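For clarity, every value in this text was computed on a predicted model and none was experimentally measured.
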Amino acid sequence: MRAHRTTPRPRRQPRRPAAVLTALLLAVLLTACASGGSAGGGTAEAAQVTLTIGSPCKACLKRLLIASGEDRGAPYRINWADFDSTPTLVEALKAGKVDVAQGGETGVLFAIGNGADIRLLGAVAQHRSGGTVVLVKKDSPVTDLAGLRGKKVAVPFYTAQHYQFARSLEAAGLKWSDVNAVNLTTTDGLAAFNSGDVAAFVIWDPNAAVAQLHNDARIIHELGQDLQTYSALYASARATSDPAKRAALEDLARRSVRAFAWVNSHRGQWADELSRLAQIPADSAKLAADRSEAQLQPADAGIQAGWQDEIEYFRGQNQIKQSYRIADRIEPGFDAVITDELARVAATAGASPGPATPSGSHS
């Protein structure tokens, strides 16, 4: 994990009673939320709140906020914490090292099922392929999932792609045991793929785009065509139950809505920024940007049903220790915040407000 602050440490200020400090801070933060989250963070009180934002992928919330400029002017301080995938991130969140993150839902669902107190604030819908794929080498004789029977496949376990791959195998008439799935991180999986130690690699953009254009890979299957999943914006219960941090989280949700909207309407700039920030080739960043379009939206009943299906699937595989109702883990109030900001963004763009349902999504 790598973490750093985005704003300098403020000068020491005289202490104030805790109740007064919290009241002043909430007033500042809630004013920022009411105005669309654009208020500056000049007060010492606001500077006392720090949100540590976890990022489990190259194109997750950290780079979305930075590229769109939504990381600037927040009435609280931001720390970034980078991870290879969601499972390692949620361990840090459970330990109190991370407050909030956006990324694949599977690792979060596993963590909750194994006792973690995590709250889901919203869902991220992918409206294009998103580059969630199964790759083989260009000279491989394998042309479809059936060709993977008995072969070694690199899969980052407990990620959304793990779940999608399992369900795609079922759709192709295969069981999970019909392939030799190896649990590898994105970095180790690419190394194994390049060396020929695995026949296939289950991966997502922009890593998939890099492998296609620079590691002699080709797509044999797009996982989203069988099952559309929804990633999540989520936070620790410790953060949502703290009044000052909760107000900051509401402001962050608004900034996240705007960041996704900016990416969707500035694809060329996003590709340039993704290349620079993630340090990947420009052509790979462009390919990833061109086939991705996402939106933060409320975790409505349909999305919750999809997440519940996923919980029960892994429960049936004896991989999640206990079943639970995902509805009990949706943090109240954030659906209204996200819906309001979606309407503001749509009004600014001259479009009709409200989230769209992606093709193949849970209903």
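For Arg119 (side chain) and Ala235 (main-chain N/O), no donor-acceptor pair under 3.5 Å exists by modelled atom type. A donor-acceptor distance shorter than 3.5 angstrom exists from the side chain of Arg267 to the backbone of Ser292, with no hydrogens or angles considered. Between the side chain of Gln304 and the backbone N or O of Ile326, no donor-acceptor pair lies under 3.5 Å. For the pair Asn114 (side chain) and Phe110 (backbone), a donor-acceptor distance under 3.5 Å is present.
The side chain to side chain contact (heavy atoms under 4.5 Å, CB included) test applied to Arg315 returns Glu312, Ser323, not counting sequence neighbours. Partners of Tyr324 under the ring-ring contact (aromatic ring centres under 6.0 Å, His included) rule, at least two apart in sequence or in another chain, do not exist in this structure. Partners of His266 under the ring-ring contact (aromatic ring centres under 6.0 Å, His included) rule, at least two apart in sequence or in another chain, are Trp262. For Arg218, the salt bridge (Lys or Arg N to Asp or Glu O under 4.0 Å) test picks out no residue, with sequence neighbours left out. Every residue two or more places apart in sequence or in another chain was checked for a salt bridge (Lys or Arg N to Asp or Glu O under 4.0 Å) with Asp242, and none qualifies. A search for salt bridge (Lys or Arg N to Asp or Glu O under 4.0 Å) contacts involving Arg167 returns Glu170, not counting sequence neighbours. With sequence neighbours left out, Phe260 forms a ring-ring contact (aromatic ring centres under 6.0 Å, His included) with no residue at all. Remark: Asp290 engages Lys286 in a salt bridge (Lys or Arg N to Asp or Glu O under 4.0 Å) (not counting sequence neighbours).
Sorted pairs that involve residues 140-160 and meet side-chain hydrogen bond (donor to acceptor under 3.5 Å, both in side chains), not counting sequence neighbours, are lacking altogether. Every pair passing disulfide (SG to SG under 2.5 Å) that includes a residue from residues 50-88 is listed here, sequence neighbours excluded: Cys57-Cys60.
Atom CD of Gln317 has more than 12 heavy atoms from other residues, nucleotides or ligands within 6.0 Å.
Within the hydrophobic cluster formed by Ile, Leu, Val, Met, Phe, Trp and Tyr side chains joined at under 4.5 Å, directly or through other members, Leu213 is accompanied by Leu287.
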Which atom pairs, donor and acceptor, lie under 3.5 Å between side-chain atoms of residues 196-210 and protein residues at least two apart or in another chain?
residue : atom : partner : partner atom : Å
Asp197  : OD2  : Ser195  : OG           : 3.1
Asp205  : OD1  : Ala209  : N            : 3.0
Asp205  : OD1  : Arg291  : NH2          : 2.8
Asp205  : OD2  : Arg291  : NE           : 2.6
Asp205  : OD2  : Arg291  : NH2          : 3.3
Asn207  : OD1  : Lys58   : NZ           : 3.2

### Query
side-chain contact (heavy atoms from CB on, under 4.5 Å) between Val142 and Ile220: does it pass, once the steps are laid out?
CA-CA 8 Å; Val142 176; Ile220 61 166; 3.9 Å; yes
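A salt bridge links Asp328 to Arg325: one of the charged nitrogens lies within less than 4.0 Å of a carboxylate oxygen.
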